[in-house]
Amino acid sequence: MPNPAPGFQRRPDHRIVVEPYTGTVTVRFGDTVIASSERALELREGSYPPVLYLPVEDIYLQHFEKSATTTHCPFKGDATYWSVRTHGAAAADVLWVYEEPYDEMTAIAGHGAFYPDKVRIDAAKP
């Protein structure tokens, strides 16, 4: 069943570009690696800084617990949030996932992104 983004219907000139990121992305919380991928996607939207989305399979979910937090984007859909806990340290809502994004954004389905002010994201290009 079609699931078009209402944001693009209202603003067809809005652009979101999703492309493969060439290189390795490693995400750390404290000293613990909580995600690592060579299959990340880079999402660029308007004047926002680029965001790296990693396949959920490359996120070490044993360190995460889904929170009750959700947000809505008229272009991407509804995001769910995940909190992290490692070695006694914890932080709320460090990871978000669009589990069922709008049709125009299916490229980020099955991927998650991290808040760079809550974790360390190392993105190394070859």
Side-chain angles (χ1 to χ4, degrees):
M1 174 146 75
N3 183 24
F8 288 114
Q9 292 172 359
R10 286 191 299 272
R11 292 191 42 214
D13 59 323
H14 188 78
R15 295 287 172 252
I16 299 176
V17 177
V18 179
E19 296 178 324
Y21 179 81
T22 306
T24 301
V25 178
T26 303
V27 183
R28 289 180 174 81
F29 180 70
D31 293 331
T32 303
V33 174
I34 57 173
S36 184
S37 183
E38 295 179 351
R39 304 179 298 145
L41 300 173
E42 183 176 51
L43 182 145
R44 292 184 309 280
E45 178 178 6
S47 61
Y48 295 110
V51 176
L52 294 170
Y53 280 81
L54 282 64
V56 171
E57 296 85 19
D58 295 342
I59 299 170
Y60 308 139
L61 294 177
Q62 69 268 24
H63 299 296
F64 292 87
E65 182 176 313
K66 195 172 193 176
S67 79
T69 304
T70 61
T71 57
H72 177 77
C73 171
F75 298 100
K76 298 179 205 86
D78 295 322
T80 57
Y81 287 76
W82 299 72
S83 299
V84 66
R85 179 179 305 277
T86 63
H87 306 295
D93 300 337
V94 301
L95 164 67
W96 72 90
V97 178
Y98 290 95
E99 294 179 26
E100 296 180 23
Y102 289 127
D103 295 342
E104 295 88 344
M105 298 309 305
T106 57
I108 62 171
H111 290 70
F114 295 87
Y115 283 104
D117 60 336
K118 296 183 177 187
V119 298
R120 190 171 91 224
I121 302 170
D122 296 318
K125 293 211 176 210

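Side chains included, hydrogens not; waters and symmetry mates left out as well; all remaining heavy atoms used. Here the structure is a predicted model, which means the values were calculated and not measured.
Ala107 and Val18 make their closest contact through CB-CG1, 4.0 Å (heavy atoms, listed as atom of the first residue, atom of the second, distance). When all heavy atoms of Ser36 and Leu54 are compared, the pair lying nearest together is N-CD2, 4.3 Å. Across Ala92 and Ser83, no two heavy atoms sit closer than the pair CA-OG, 3.2 Å. Minimum interatomic distance between Gly112 and Val97 (heavy atoms only, all atoms of both residues): CA-CG2, 3.9 Å. The shortest non-hydrogen separation linking Glu42 to Pro50 is OE2-CB, 3.6 Å.
Sparse packing is recorded around CZ of Arg85, with 12 or fewer heavy atoms of other residues, nucleotides or ligands lying under 6.0 Å away.
The OG1 atom of Thr22 sits 11.0 Å away from atom CD of Glu38, with the distance rounded to the nearest 0.5 Å. Separating the OG1 atom in Thr71 from the CG atom in Asp78 is a distance of 7.5 Å, to the nearest 0.5 Å. One finds the CH2 atom of Trp82 at 9.0 Å from the CD atom of Glu65 (value rounded to the nearest 0.5 Å). From Met105, atom CE reaches atom CG of Leu43 across 5.0 Å, with rounding to the nearest 0.5 Å. With values rounded to the nearest 0.5 angstrom, Tyr98 atom OH is found 6.0 Å from Ile108 atom CD1. The distance from atom OG1 of Thr80 to atom CD of Glu99, rounded to the nearest 0.5 Å, is 3.5 Å.
For Pro4, the side-chain contact (heavy atoms from CB on, under 4.5 Å) criterion is met by Pro2, Gln9, Asp103, Glu104, not counting sequence neighbours. For Thr106, the side-chain contact (heavy atoms from CB on, under 4.5 Å) test picks out no residue, with sequence neighbours left out. With sequence neighbours excluded, the residues that form a side chain to side chain donor-acceptor pair (under 3.5 Å) with Ser37 are Asp58. Ala91 meets the side-chain contact (heavy atoms from CB on, under 4.5 Å) test with Phe29, Val84, Val94; sequence neighbours excluded.
No side-chain N or O of His63 forms a donor-acceptor pair with one of Thr32 less than 3.5 Å apart. The closest side-chain donor-acceptor pair between Asp93 and Ser67 falls under 3.5 angstrom.
Side-chain heavy-atom separations under 4.5 angstrom define the hydrophobic clusters, and the remaining members of the one that includes Tyr60 are Val33.
Looking at Lys118, its side chain never comes within 3.5 Å of a backbone N or O of Leu95 through a donor-acceptor pair. A donor-acceptor distance shorter than 3.5 angstrom exists from the side chain of Arg15 to the backbone of Pro12, with no hydrogens or angles considered.
Using a 4.5 Å cut-off between side-chain heavy atoms of Ile, Leu, Val, Met, Phe, Trp and Tyr, with links allowed through other members, Tyr53 and Val56 fall into different hydrophobic clusters. There is no path of hydrophobic side-chain contacts, each under 4.5 Å, that joins Leu52 to Ile16.
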side-chain contact (heavy atoms from CB on, under 4.5 Å) between His14 and Glu45, intermediate numbers included
CA-CA 8 Å; His14 188 78; Glu45 178 178 6; 2.8 Å; yes
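Val27 has its side chain within reach of Val119: a pair of non-hydrogen atoms, C-beta onward, lies under 4.5 Å apart.
Here the options are Cys73, Pro6, Pro74, the test is side chain to side chain contact (heavy atoms under 4.5 Å, CB included), and the partner is Tyr102; only Pro6 passes.
Among pairs with a residue in residues 106-125, those fulfilling ring pair (Phe, Tyr, Trp, His ring centres under 6.0 Å) read Trp96-Tyr115, at least two apart in sequence or across chains.
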